[in-house]
2 protein chains.
Amino acid sequence: MSTLDHYVEILKKGNIKVTQQRIDILKYLDSHLSHPTAEEIFLSLKKTHPALSKTTVYNSLDVLRKHGIITTLTITENELRYDFKTKMHHHFLCKKCGQIIDIDISCPNIEKISKFGHRVDEVHGYFKGICKNCLDQGRGKNKSQSLT
Amino acid sequence: MSTLDHYVEILKKGNIKVTQQRIDILKYLDSHLSHPTAEEIFLSLKKTHPALSKTTVYNSLDVLRKHGIITTLTITENELRYDFKTKMHHHFLCKKCGQIIDIDISCPNIEKISKFGHRVDEVHGYFKGICKNCLDQGRGKNKSQSLT
DNA sequence: ATATCAAATTGTAATTAATACAATTTAATA
DNA sequence: TATTAAATTGTATTAATTACAATTTGATAT
């Protein structure tokens with residue numbers, strides 16, 4: 001679903017006050033599943049909403065996160081990244097192109113860790129390396145550079 | 001092994017210039033497997049080496065990391081953590097006591113991701129929740145507070 | 001042992017992500 | 001439409017990390 005009402009619904013269901021800023025942020029995350037940083041979200045939304053404050057972006061993201069509507073990643077080392085998808089999945093970071101790819105496989109380890117006696121609430125599976133795309137370009141040699 | 005020569009060996013093997021600072025940092029990490037931050041390492045070493053600079057700590061950690069002698073974690077959101085253990089393992093962060101526990105189980109997912117065509121160089125398995133210790137204390141209620 | 005030189009260390013300053021806070025505005029309710 | 005708690009804004013601050021220039025030091029060859 002992508003109508004604005006959808007995001008209003010989400011907010012109302014969480015008893016979160018509905019504001020244009022929050023709708024915009026939710027919409028942005030829903031349509032940019034590239035795991036953007038707060039800065040990226042801020043800069044993009046500021047274009048069409050120049051009065052937007054960075055603090056609002058941080059505050060809103062925090063609220064959405066606390067309500068389980070979005071999740072955060074620490075797959076890169078210097079900043080948090082935000083994800084509209086909350087269903088458990090893993091991530092692959094390509095060290096060459098920087099892309100963060102969703103990996104939709106389950107984690108067979110949660111059960112094992114539970115057997116140790118710990119209660120597992122969150123799982124983050126971060127894999128890093130070179131993605132298929134970049135590997136293919138490297139193999140074919142100077143094939144991709146030619147885009148005059 | 002815990003003799004200082006051991007750390008000298010490690011540095012020499014990596015063609016890294018041997019300095020007291022690097023030895024100290026390696027020794028600290030080897031004897032504090034609690035995944036300390038750069039700040040923690042700095043503050044602790046500064047006690048016995050007041051001239052130590054924080055920049056040196058960061059530089060040394062970077063060098064050690066680039067040579068694969070130590071690894072880094074992003075399991076907490078605001079700072080990097082350092083690990084002397086380089087053999088693949090996972091981590092559990094207790095949201096109550098803050099402890100980061102080593103989880104020595106393998107990851108059956110690397111193979112699956114490789115089948116997607118990506119080359120996996122690094123694996124980070126971060127699990128978060130409440131550790132066994134904290135759960136036990138919570139269950140027994142006011143049992144642990146009494147340590148007059 | 002000593003001189004040499006690249007590399008490491010130090011201290012300060014700068015950068016960057018994130019947070020704190022006070023003043024203003026606004027969404028929800030009566 | 002008035003009220004009020006909560007959200008937004010803008011600025012200032014914190015905290016982790018990086019940049020950089022001056023000084024010192026470890027490794028090597030003499």
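Values reported hereafter were calculated over all heavy atoms of this structure, with side chains retained and with hydrogens, waters and symmetry mates removed. Chain letters run A, B, ... following the sequence lines, proteins first and then strands; every chain starts at 1. For clarity, every value in this text was computed on a predicted model and none was experimentally measured.
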Legend entry - salt bridge (Lys or Arg N to Asp or Glu O under 4.0 Å) assessment of R65(B) paired with E77(A): CA-CA 14 Å; R65(B) 185 202 341 203; E77(A) 297 189 352; 2.8 Å; yes
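- Look at R22(A) and you'll find a side-chain N or O under 4.0 angstrom from OP1 or OP2 of dT8(D).
- Atom CG of D24(B) is separated from atom C1' of dG26(D) by 16 Å (rounded to the nearest Å).
- Proximity of residues 39-73 of chain A to DNA chain C (heavy atom under 4.0 angstrom from any strand atom) is restricted to T55(A), Y58(A).
- Atom NZ of K66(B) is surrounded by 12 or fewer heavy atoms from other residues, nucleotides or ligands within 6.0 Å.
- Interface residues of residues 74-84 of chain A facing DNA chain C, ordered by number: N78(A), E79(A), L80(A); criterion, heavy-atom separation under 4.0 Å.
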Under-3.5 Å N/O pairs linking protein and nucleotides 25-28 of chain C:
from, atom 1, to, atom 2, distance (Å)
dA27(C), O3', V18(A), O, 3.2
dA28(C), OP1, V18(A), N, 3.1

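- Around atom NZ of K112(B), more than 12 heavy atoms belonging to other residues, nucleotides or ligands sit under 6.0 Å away.
- Computed from C1' positions of five pairs at each end, the angle between the two local axes of the helix from dA1(C)-dT30(D) to dA30(C)-dT1(D) equals 40°, rounded to 10 degrees.
- Remark: side-chain polar atoms of T76(B) are not paired, donor with acceptor, to backbone N or O of N78(B) under 3.5 angstrom.
- Applying the side-chain contact (heavy atoms from CB on, under 4.5 Å) rule to Q20(A) yields the partners I23(A), D24(A); only residues at least two apart in sequence or on another chain are considered.
- Each ring pair (Phe, Tyr, Trp, His ring centres under 6.0 Å) pair with one or both residues in residues 8-50 of chain B, not counting sequence neighbours, appears once here: Y28(B)-H32(B), H35(B)-H91(B).
- Of the residues listed (K128(B), H124(B), H90(B)), the one engaging H124(A) in a side-chain contact (heavy atoms from CB on, under 4.5 Å) is K128(B), and it is the only one.
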